[in-house]
Amino acid sequence: MSLSTHYNPKETESKWYAHWESKNYFHSEPDDREPFTIVIPPPNVTGVLHMGHMLNNTIQDILIRHARLKGKNACWVPGTDHASIATEAKVVKKLREQGIKKSDLTREEFLKHAFAWKDEYGGIILDQLKKLGASCDWQRTRFTMEESLSKAVIQVFVDLYKKGKIYRKLRMTNWDVEALTALSNEEVIHNDETIPLYHLRYKIEGTEDEYINIATVRPETIMADTAIAVHPDDPRFKHLVGKKALIPLINRPIPIIQDEYVDMEFGQGALKITPAHDPNDYEIGMRHGLEVIDSLNANGTLNEKAQILVGEDRFVARKKIKKLLEESGNLIEVENYTTSIGRSERTDAVVEPRLTMQWYVSMSEFAATGLEAVKSGDVKFYPEHMWNMYYQWLNEDNIRDWCISRQLWWGQQIPAWYIKTADGGRLKSDGEELVFVGATIEEALADAKKETGNNSLTINDLERDEDVVDTWFSSWLWPISVFDGFEKQDELKYYYPTNTLVTGWDIIFFWVARMIMAGYEWSEELLGKDLKGKQPFNDVYFTGMVRDNKRRKMSKSLGNSPDALKLIENYGADGVRFGMLSCASAGNDIIFDAPFDPETKQTKNESKLCEQGRNFCNKMWNALKLIKGWEIADTEQPKINELAVRWIKDKTDMVMADIEKNFESYRLSDALMNLYQLIWGDFCSWYLEMIKPAFISEGKSEPLDRKTYEATIEVYEKLMIALHPFMPFVTEEIWHQLRNRKEGNDCIIQHFPQAGRVDQSLISKVEKAKDAISKIRESRSSNGISPRESLNLFVENTQGATALFKIDGIKEMLIKLGNLSCLTLTDSEPANTVAFLSGTEKYFLELNIEIDVEAEIKRLEEEKKYLEGFINSVQKKLGNERFVSGAPAAVVEKERQKLADGLERLRLIDETLKQLK
RNA sequence: GGGUCGUUAGCUCAGUUGGUUUAGAGCGCUGCCUUGACAGGGCAGAGGUCACUGGUUCGAAUCCAGUACGACCCACCA
């Protein structure tokens with residue numbers, strides 16, 4: 001069988017993925033092995049794979065495959081998130097395109113459409129993960145809105161309510177006027193925007209031409225003003241305090257009050273107070289007992305309380321009122337002003353502060369638990385400094401209660417009921433609506449009967465809260481609920497706590513912190529004394545954000561993200577995995593190198609790093625081709641091969657120790673580089689050249705001895721297993737090409753190579769030989785001698801040289817890789833040669849050409865200069881009494897050795913220079 | 001306003017708790033090498049006063065302080 005010159009990832013990848021799945025290698029069931037568990041950060045069910053997912057999931061797959069090769073019971077649970085706002089927005093948009101309005105549908109009808117949408121588009125992203133090679137246990141695929149997970153949400157809600165940790169309250173919240181729902185603070189993205197700042201004057205009541213001036217960016221809200229505030233210490237306004245000002249256009253009088261919140265320096269020094277439309281104004285209003293006038297509808301249009309411009313959208317109203325104010329003479333000036341504007345993360349609508357009744361989770365206890373979990377080391381962060389950000393979110397000064405209700409349909413409906421009254425309202429007590437929380441309506445009814453003493457109540461008298469809970473209120477249970485842990489604990493007992501969470505730092509509070517809190521809240525209740533730890537995961541590996549070469553976050557709207565699937569098509573999944581990883585160290589944002597095409601204004605689906613990954617696959621493929629092309633004979637193993645085999649085995653073992661260390665500290669890109677250099681550099685460039693049989697004639701070469709061949713295959717196998725977590729497809733393919741395998745003997749389930757004992761002195765001797773070979777090549781190169789021309793080489797007969805060449809195979813190695821006709825120890829400097837140093841050995845290469853003595857002298861003098869500088873620095877160190885007495889003996893000894901070597905080298909150069917001159 | 005991270009070769013980054021000769025990798029660049037595994041390749045080479053200023057130390061890219069620049073997070077912003 002002949003192999004093509006280029007590795008073909010396409011066929012190979014689909015072939016092996018199907019094979020692994022058919023063998024059920026990704027599936028995990030509890031058994032007596034040690035588990036290694038990862039739960040996927042569930043992507044949005046309607047999402048498509050982007051670069052962030054690629055990075056994230058590549059890392060998870062590496063950890064899972066590594067654990068599997070280490071003999072652990074590896075379990076990677078995949079799934080998707082229902083992403084309430086984003087998905088609902090998409091569904092609404094699609095229905096609108098079909099001419100269906102959400103408001104014309106019942107809740108049930110809408111959900112039917114939403115689920116139909118989910119069934120059609122949901123899961124695309126999971127199929128895309130398969131292309132990447134993700135070895136998820138697909139039989140365990142979960143969805144945050146499926147029955148079991150929804151039941152858990154309800155159970156947890158009821159539990160927290162009973163524990164007094166959930167409450168309902170009227171508060172100023174962030175309102176998304178497009179999605180028509182409240183948002184949590186974290187769902188609002190603040191960015192600086194430049195907008196007009198309007199300076200207005202309000203006439204003082206009872207005067208003809210006295211005014212008080214204010215500045216506002218929201219003139220359309222003036223009709224809801226209920227006061228003007230000035231600073232108590234501000235002399236400019238002292239005489240106005242207690243008087244009333246008239247709101248322009250509608251002439252409603254409002255009091256002028258004093259409050260320390262006002263910044264005297266800003267704008268006009270006086271502040272209009274609009275309690276319904278600004279959180280700070282609301283606070284001030286509360287302090288002064290001001291009326292709250294809400295002049296905006298939920299959809300952002302002005303209502304009848306505004307008296308004018310009723311029905312206009314707030315931004316249209318802003319433009320129109322500017323004109324009206326101008327006409328009425330109340331507009332003083334308009335200036336451009338840069339301020340931060342909050343927009344909805346999901347719909348990009350400018351967020352409106354709005355006073356609404358919402359459900360909250362009380363966070364102070366949760367936050368303390370969350371902090372302690374990380375502080376105590378139960379949960380470890382990689383990189384560690386993420387603690388700072390975590391602390392900043394959770395410390396008692398910053399923590400805020402979590403608004404969990406959303407005015408949407410796509411999500412788990414809040415399990416709370418109210419008692420309907422005859423007039424269509426809800427039964428109140430002390431002005432507050434009576435509410436009953438229970439897992440079922442019957443439970444709520446029982447409570448209602450008890451509380452009201454009215455035993456004639458039936459379920460028909462109850463109406464359920466319309467709202468659903470925040471998506472994160474289901475995903476914070478993910479590490480428990482994916483194992484159905486709230487219903488039964490058999491699997492939870494085995495898999496919990498999970499091992500590593502791999503996620504972006506941007507959701508450290510949204511998700512990571514809350515999962516930790518949920519873990520501490522419920523795991524012990526569920527697992528009791530069998531608990532292995534309350535934390536949902538032991539380690540959190542934070543990936544960076546993937547950015548473009550201008551350091552902008554990659555996003556669809558900017559067009560600066562390459563198409564993830566196209567990249568896989570172009571470079572193979574292994575190539576892309578290599579590319580992603582080689583620029584990703586934990587916690588640092590990664591700058592992905594895809595070039596920008598100014599013509600299409602899109603990022604090209606090209607990447608130098610992925611190309612390098614593809615080339616690496618090709619390199620390994622061709623090494624395989626070389627080995628498989630050799631004829632094997634039962635001949636005696638030549639000394640050079642024996643040495644080469646010993647060296648590559650030791651070198652491999654040595655690197656395996658580094659790799660293991662790097663895995664332990666999540667230095668995955670370092671581990672990959674270790675392997676890259678070992679395979680490409682040591683194995684291909686050096687080892688294979690050392691053992692490569694001599695060429696005889698066209699298409700024919702000497703046979704290779706069987707012993708070397710077997711050893712080579714063994715080493716190559718080891719390399720493939722070690723590389724498998726990073727590049728699973730190419731390694732599986734080569735694994736099968738290396739030998740005829742029995743059914744089920746696959747790379748994915750081998751044992752990860754152990755680091756063994758290593759003969760350091762052997763390794764360093766071969767390194768010396770390699771150095772001498774490079775120097776021979778350099779001499780050729782700089783003197784214009786072809787590598788094909790065999791040359792004579794002499795070595796100065798010293799103790800060091802004898803020791804080196806005593807090693808079986810070293811001499812042959814130099815002859816073979818340096819293309820020498822002979823290598824001779826000599827006591828005198830041979831004529832017509834160029835000299836070079838390797839270590840403290842002095843070599844003389846016979847070039848068979850006229851030697852340019854001048855150039856040679858120049859070269860040596862440069863080397864001498866460098867050496868003198870070096871010796872000088874070492875001598876200075878050793879001449880320092882405090883160094884010699886203060887530094888560890890080993891360090892001093894090393895310096896002495898450095899000096900001795902340096903001096904010896906200097907002597908040798910001087911010697912040659914003298915001869916040349 | 002509070003905080004975090006970063007600044008090392010033209011570019012993207014390592015540098016594992018201060019000592020591996022006077023700092024490494026990949027890409028890019030330069031020279032040479034094409035019928036013999038691989039041009040998606042080979043060999044060799046050029047390229048860095050480790051942002052700056054002080055300090056600690058026998059010794060600093062590495063530790064400390066300050067400065068500058070950049071990125072980000074939180075809060076506030078009429």
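Chain A is the first sequence line, chain B the second, and so forth, proteins listed ahead of strands; every chain is numbered from 1.
Ion pairing of A/R343 with A/E193 is present here, as a side-chain N (NZ or NE/NH1/NH2) and a carboxylate O approach within less than 4.0 Å. Residues A/D771 and A/K775 are paired through a salt bridge, judged by an N-O separation under 4.0 Å between the basic side chain and the carboxylate.
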Can you name the atoms? Protein N/O to nucleotides 49-51 of chain B N/O, anything below 3.5 Å, with the distance.
none

Extract from the structure each pairing of a protein N or O with an N or O of nucleotides 2-12 of chain B at less than 3.5 Å, listing the distance.
{"residue": "B/rG2", "atom": "N2", "partner": "A/Q392", "partner atom": "NE2", "Å": "2.5"}

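Among the atoms of the strands shown, only primed sugar atoms or phosphate atoms (P, OP1, OP2) are found under 4.0 Å from some heavy atom of A/S774. Using a 4.0 Å heavy-atom cutoff across all strands shown, A/Q677 reaches sugar-phosphate atoms only and no base atom. Among the heavy atoms of the strands lying under 4.0 Å from A/V262 is at least one base atom, whether or not backbone atoms are also near. Counting any heavy atom pair closer than 4.0 Å across all strands shown, A/R777 reaches sugar-phosphate atoms only and no base atom. Here A/A890 lies out of heavy-atom contact (under 4.0 Å) with every strand. As judged by a 4.0 angstrom heavy-atom cut-off over every strand, A/R780 is placed among residues making no nucleic acid contact. Residue contacts shown for A/V217 are limited to sugar-phosphate atoms, with no base heavy atom under 4.0 Å away. Within the nucleic acid shown, A/I214 has no heavy atom closer than 4.0 Å to any nucleic acid atom. Residue A/R400 is in sugar-phosphate contact alone, with no base atom involved, counting any heavy-atom pair closer than 4.0 Å across all strands shown. Nucleic acid contact class of A/N618 (heavy atoms, under 4.0 Å, all strands): base. Nucleic acid contact class of A/C617 (heavy atoms, under 4.0 Å, all strands): none. Counting non-hydrogen atoms under 4.0 angstrom, A/W393 reaches the backbone sugars and phosphates but no base. Using a 4.0 Å heavy-atom criterion, one finds that A/L197 contacts the sugar-phosphate atoms exclusively.
As rounded to whole Å, 18 Å separates atom P of B/rG36 from atom CD of A/E631. Regarding A/Q612, its CD atom lies at a distance of 15 Å from the P atom of B/rG40, rounded to whole Å. Taking atom CD of residue A/E689 and atom P of nucleotide B/rA44, one finds them 11 Å apart after rounding to whole Å. Per the geometry, CZ belonging to A/F695 stands 13 Å off C1' belonging to B/rA37, to the nearest Å. Atom pair A/D670:CG and B/rG15:C1' shows a separation of 9 Å (rounding to whole Å applied). Taking atom CG of residue A/D397 and atom P of nucleotide B/rC73, one finds them 21 Å apart after rounding to whole Å. Between the CZ atom of A/F616 and the P atom of B/rG40 there is a distance of 18 Å, rounded to whole Å. Across the protein-nucleic acid pair, A/L704 atom CG and B/rA37 atom P stand 13 Å apart, rounded to whole Å.
Comparing the P positions of B/rG48 and B/rU67 gives a spacing of 31 Å, expressed to the nearest Å. Rounded to the nearest Å, the gap between the C1' atom of B/rU16 and that of B/rA75 is 36 Å. Going from the P atom of B/rC33 to that of B/rA14 covers 38 Å, rounded to whole Å. Nucleotides B/rC76 and B/rG19 have their C1' atoms positioned 49 Å apart, rounded to a whole Å.
Here salt bridge (Lys or Arg N to Asp or Glu O under 4.0 Å) pairs that include residues 875-891 of chain A, with residues two or more places apart or in two chains, are A/K877-A/E895. Within the structure, every pair that satisfies the salt bridge (Lys or Arg N to Asp or Glu O under 4.0 Å) test and touches residues 213-226 of chain A, not counting sequence neighbours, is listed here: A/R218-A/E220, A/R218-A/E352, A/E220-A/R318, A/D225-A/K272.
With sequence neighbours excluded, no residue forms a ring-ring contact (aromatic ring centres under 6.0 Å, His included) with A/F695. Residues satisfying the ring-ring contact (aromatic ring centres under 6.0 Å, His included) criterion with A/F266, sequence neighbours excluded, are A/Y337. Partners of A/F578 according to the ring-ring contact (aromatic ring centres under 6.0 Å, His included) rule, which considers only residues two or more places apart in sequence or in another chain, are A/F616, A/Y676. Evaluation of the ring-ring contact (aromatic ring centres under 6.0 Å, His included) rule for A/F592 yields no partner, not counting sequence neighbours. Residues meeting the side-chain hydrogen bond (donor to acceptor under 3.5 Å, both in side chains) test with A/R907, sequence neighbours left out: A/E904, A/E911.
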Side-chain donor-acceptor pairs under 3.5 Å in residues 680-693 of chain A, sequence neighbours left out?
{"residue": "A/S685", "atom": "OG", "partner": "A/W680", "partner atom": "O", "Å": "3.1"}
{"residue": "A/Y687", "atom": "OH", "partner": "A/T712", "partner atom": "OG1", "Å": "2.7"}
{"residue": "A/E689", "atom": "OE2", "partner": "A/K692", "partner atom": "NZ", "Å": "3.4"}

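Stems are defined here as 3 or more consecutive Watson-Crick or G-U wobble pairs with pairing distances under 3.5 Å; those involving RNA chain B are B:1-7 with B:68-74, B:10-13 with B:24-27, B:29-33 with B:41-45, B:51-55 with B:63-67.
Not a single donor-acceptor pair under 3.5 Å links the side chain of A/Q677 to the backbone N or O of A/N674.
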Item to check | Base-contact (B) and sugar-phosphate-only (S) positions in nucleotides 28-34 of chain B, heavy-atom cut-off under 4.0 Å, - elsewhere | outcome: S--B---
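In this pair, A/F509 and A/W393 present their aromatic rings parallel. The plane angle is below 30°, not in the 30 to 60° band.
Between the side chain of A/R882 and the base of B/rU57, no donor-acceptor pair under 3.5 Å is found.
Of the candidates A/Y391, A/W387, A/F542, A/F381 forms a ring-ring contact (aromatic ring centres under 6.0 Å, His included) with just one, namely A/F542.
Set against B/rC38, B/rG41, B/rA78, the side chain of A/W680 has B/rG41 as its closest nucleotide.
A/S790 and A/N819 share a donor-acceptor pair across their side chains, judged by distance under 3.5 Å alone.
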